[in-house]
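When reading the values below, keep in mind they use all heavy atoms of this one structure, side chains included, and skip hydrogens, waters and symmetry mates. Count residues from 1 along the sequence. All of these numbers come straight from a predicted model, not from anything done at the bench.
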Amino acid sequence: MLHKPLSKKLRNELMKIIHGAIANMRYAPTIKILESYRREFIFDDNFLYRLGLLYDHQAALVQKTNPQQADLYLKYACDIYADIVKRNTKNFFALYGLARVYAHQGNFKKTIKYAKRAYCEKNKLPFNQKGALPVGGFYERSGDLKSAERWYKKELKDLGGNEFGAIMNLLAFYNRTKQVQKA
């Protein structure tokens, strides 16, 4: 079956739908819309990533109420991200996506592996020298607080030491981990 390329107009319309879905946490209906278009049109890695993102967000949304459905959503997300990474091993969005999937599944060894790969690829870009924060967050979720602190501090250092958001993230980490003396 031959697929047609997305026109610029259709791309823009679908992006509006995607942004609305993310803003309103209405992932499932948007997944259905995108999957129907995917049967007819060619999706580039950017659109595939966004579809994977919707799947992994929907998995998180239904995890407590329907774990089997969440597992299925995670499988779809993982398949999409893995397919992107197979074609482009440097796609840091898909690498972070894989890290999120494995974090949802509690597989923190793979989570950290993909998060670090994503961080390394992102930092090869000349215009963006940050991204340690998600790695710190994954370490924190895994229970490795020393590594989490190191990566939160790395984010602050990468941003020059005075970036308000990075300072607040480190302070929030210290608050969550009851390290008030460090805060």
Side-chain angles (χ1 to χ4, degrees), residues 1-63 65-66 69-105 110-138 155 158-160 163-166 169:
M1 173 192 250
L2 295 175
H3 289 79
K4 302 180 276 189
L6 286 169
S7 68
K8 187 175 181 177
K9 181 180 177 184
L10 184 53
R11 283 182 71 82
N12 290 338
E13 288 175 21
L14 290 176
M15 285 306 290
K16 285 179 186 176
I17 292 169
I18 293 167
H19 289 287
I22 292 170
N24 297 304
M25 296 174 57
R26 301 213 9 100
Y27 313 119
T30 307
I31 289 169
K32 286 180 183 177
I33 292 168
L34 289 179
E35 287 291 6
S36 71
Y37 279 102
R38 189 176 175 200
R39 286 188 279 278
E40 188 176 344
F41 295 93
I42 299 167
F43 276 25
D44 62 13
D45 287 350
N46 184 24
F47 261 78
L48 287 173
Y49 168 75
R50 284 177 166 73
L51 179 58
L53 184 72
L54 292 169
Y55 275 120
D56 84 49
H57 280 47
Q58 181 65 17
L61 192 65
V62 302
Q63 181 62 48
T65 59
N66 193 340
Q69 189 66 44
D71 288 344
L72 189 57
Y73 286 130
L74 287 175
K75 181 194 177 319
Y76 292 146
C78 189
D79 289 348
I80 289 169
Y81 296 143
D83 186 49
I84 294 168
V85 170
K86 191 185 308 179
R87 282 191 307 281
N88 179 1
T89 60
K90 298 175 189 246
N91 187 308
F92 64 87
F93 291 115
L95 290 166
Y96 273 130
L98 285 169
R100 280 193 311 276
V101 167
Y102 291 122
H104 285 306
Q105 295 172 337
K110 283 188 174 181
T111 298
I112 300 301
K113 172 188 164 186
Y114 283 104
K116 284 181 173 179
R117 275 184 62 192
Y119 173 79
C120 289
E121 292 304 329
K122 188 174 185 186
N123 277 282
K124 290 178 184 176
L125 299 173
F127 59 85
N128 197 339
Q129 298 298 313
K130 61 181 180 177
L133 181 66
V135 181
F138 289 132
E155 176 80 354
D158 287 352
L159 295 174
E163 208 278 325
F164 182 75
N169 286 323

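Here the NE2 atom belonging to H104 is positioned 8.0 Å from the CD atom belonging to Q63, to the nearest 0.5 angstrom. Distance CG/L14 to OG/S7: 8.5 Å, rounded to 0.5 Å. Here the straight-line distance linking atom OH of Y49 with atom CG of N88 works out to 14.0 Å at 0.5 Å rounding. Interatomic distance, CG of D158 versus CG of N123, reported as 6.0 Å (0.5 Å rounding). A distance of 11.0 Å separates CG in N66 from CG in L61, rounded to the nearest 0.5 Å. The line from OH of Y55 to CZ of R100 is 15.0 Å long, rounded to the nearest 0.5 Å.
Counting heavy atoms from C-beta on, the side chains of I18 and L34 come closer than 4.5 Å. Within the 4.5 Å cutoff, the side chain of D71 has no heavy atoms near those of the Q105 side chain. Between I22 and L54 the shortest side-chain heavy-atom distance falls below 4.5 Å. The side-chain heavy atoms of R117 and V85, taken from C-beta on, include a pair separated by under 4.5 Å. Between R87 and D45, some side-chain heavy-atom pair lies under the 4.5 Å cut-off. Side-chain contact between E155 and N169 is absent, with no heavy atoms from C-beta onward closer than 4.5 Å. Residues Y27 and M25 have side chains in contact (heavy-atom distance under 4.5 Å, counting atoms from C-beta outward).
Closest approach of L95 and A118 over heavy atoms only: CB-CB, 3.6 Å. Here the shortest heavy-atom pairing between R26 and T30 reads O-OG1, 3.0 Å. Nearest heavy-atom pair across A99 and A115 is CB-N, 3.7 Å. Between A77 and G52, the shortest heavy-atom distance links the atoms CB-O, 3.5 Å. Of all heavy-atom pairs between V101 and C78, the closest is CG1-CB, 3.9 Å.
Applying the side-chain hydrogen bond (donor to acceptor under 3.5 Å, both in side chains) test to pairs two or more places apart or on separate chains, those with a residue in residues 11-21 are R11-D44.
In this structure, N24 contributes its side chain and G20 its backbone to a donor-acceptor pair below 3.5 Å. E40 places no side-chain N or O within donor-acceptor distance of the main-chain N or O of H3, the cut-off being under 3.5 Å.
For D79, the salt bridge (Lys or Arg N to Asp or Glu O under 4.0 Å) partners are K75, not counting sequence neighbours.
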task: Begin with the C-alpha distance, continue with both residues' side-chain angles, and end with the deciding distance and a verdict on side chain to side chain contact (heavy atoms under 4.5 Å, CB included) for Q58 and Q69.
output: CA-CA 9 Å; Q58 181 65 17; Q69 189 66 44; over 6 Å; no
field: From CA spacing to verdict: side chain to side chain contact (heavy atoms under 4.5 Å, CB included), I84, F93
entry: CA-CA 9 Å; I84 294 168; F93 291 115; over 6 Å; no
- request: Please assess K4 against I42 for the test side chain to side chain contact (heavy atoms under 4.5 Å, CB included), listing each intermediate value before the final yes or no.
  value: CA-CA 6 Å; K4 302 180 276 189; I42 299 167; over 6 Å; no
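When each of Y119, Y102, F138 is tested with Y114 by the rule ring pair (Phe, Tyr, Trp, His ring centres under 6.0 Å), just one qualifies, namely Y102.
Classification of the Y37-F41 ring pair by plane angle, with boundaries at 30° and 60°, yields tilted.
A donor-acceptor pair shorter than 3.5 Å can be found between the side chains of D56 and Y81.
With salt bridges taken as basic N to acidic carboxylate O contacts below 4.0 Å, one links R38 and E35.
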